[in-house]
Amino acid sequence: MLAVFIASTLASPQTLPTDVCSPHGFQPGYFPADANLEGAGLFTAFLRAMQEPSLLELAKKPHTVSYRFTWFYPFAMPVAVRLNVRADGTAQLFTKVFSNKAKVVDSKALVFDPCTALNINEIGEVPAVEAAKFTELIKKTAFWSLSMVEPHPDVLDGDLWAIEGVRDGVYHVVIRRIPQPSGYTEIGRYLAKTLAKLDDSVIVIPEFRH
């Protein structure tokens, strides 16, 4: 399925100057190297192309509070929505949706040209009351206690989720394949639907009925 997706990105690629956008210098790790997480390499390729920071690296800054929902499905464009919570309770929201015209510069290593990587690249402000609702959802879901991985159906083409969090110098990631509606999916839904307001043409997330 990934080969099909890569082939589609090579059709009619945009031509933009790569010296402006291509990453230089230190390339951080995005996930714990010893965790053997499903999809870690795939998520890393897209996050780097989207020029998203490594939350694993940001955990070295003890006052950072940040959460990111990254979503991949073989027949859709990957999505990344990141919420950075400030000390005053307000937050900044970063919304990025990968482009089907993204140029592959190294298909073997799955490296994309950042200049052509995005269909949507937005930064918005989130008031404290909305950020607090998200924080309450994190608590209610017990996100920080969820296992990083769990058994899933033996399929190759289902959607793959990664929800990361950083607080008090601690990093945590929870990866799920084809997650059923739950408190976990409500975290992604709140970021992608309530805050980023991405419509169903970009990503569909069924609402969890308690």
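Here the structure is a predicted model, which means the values were calculated and not measured.
R48 is not listed as a side-chain neighbour of S54, based on a closest heavy-atom distance of 4.5 Å or more.
Among residues two or more places apart in sequence or in another chain, the side chain to side chain contact (heavy atoms under 4.5 Å, CB included) test is passed with K197 by none. Checked against ring pair (Phe, Tyr, Trp, His ring centres under 6.0 Å), Y67 has the following partners two or more places apart in sequence or in another chain: F134. Taking T141 as the reference, L137, L146, I187 meet the side chain to side chain contact (heavy atoms under 4.5 Å, CB included) condition, with sequence neighbours excluded. Partners of Y184 under the ring pair (Phe, Tyr, Trp, His ring centres under 6.0 Å) rule, at least two apart in sequence or in another chain, are W161. Applying the salt bridge (Lys or Arg N to Asp or Glu O under 4.0 Å) test to E136 and every residue at least two apart in sequence or in another chain returns nothing.
Applying side chain to side chain contact (heavy atoms under 4.5 Å, CB included) to W71 and the options D159, L160, L198 leaves one that passes, D159.
Smallest separation of non-hydrogen atoms from A192 and I203: CB-CG2, 4.4 Å. Nearest heavy atom pair, residue Y171 against residue P32, reads CE2-CD, 3.7 Å.
The hydrophobic cluster containing I123, built from Ile/Leu/Val/Met/Phe/Trp/Tyr side-chain heavy atoms closer than 4.5 Å, also comprises F94.
Annotation for N36: atom CG does not count as buried by contact number, only 12 or fewer foreign heavy atoms lying within 6.0 Å.
Hydrophobic clustering of Ile, Leu, Val, Met, Phe, Trp and Tyr side chains at less than 4.5 Å, counting indirect connections, keeps L83 apart from V129.
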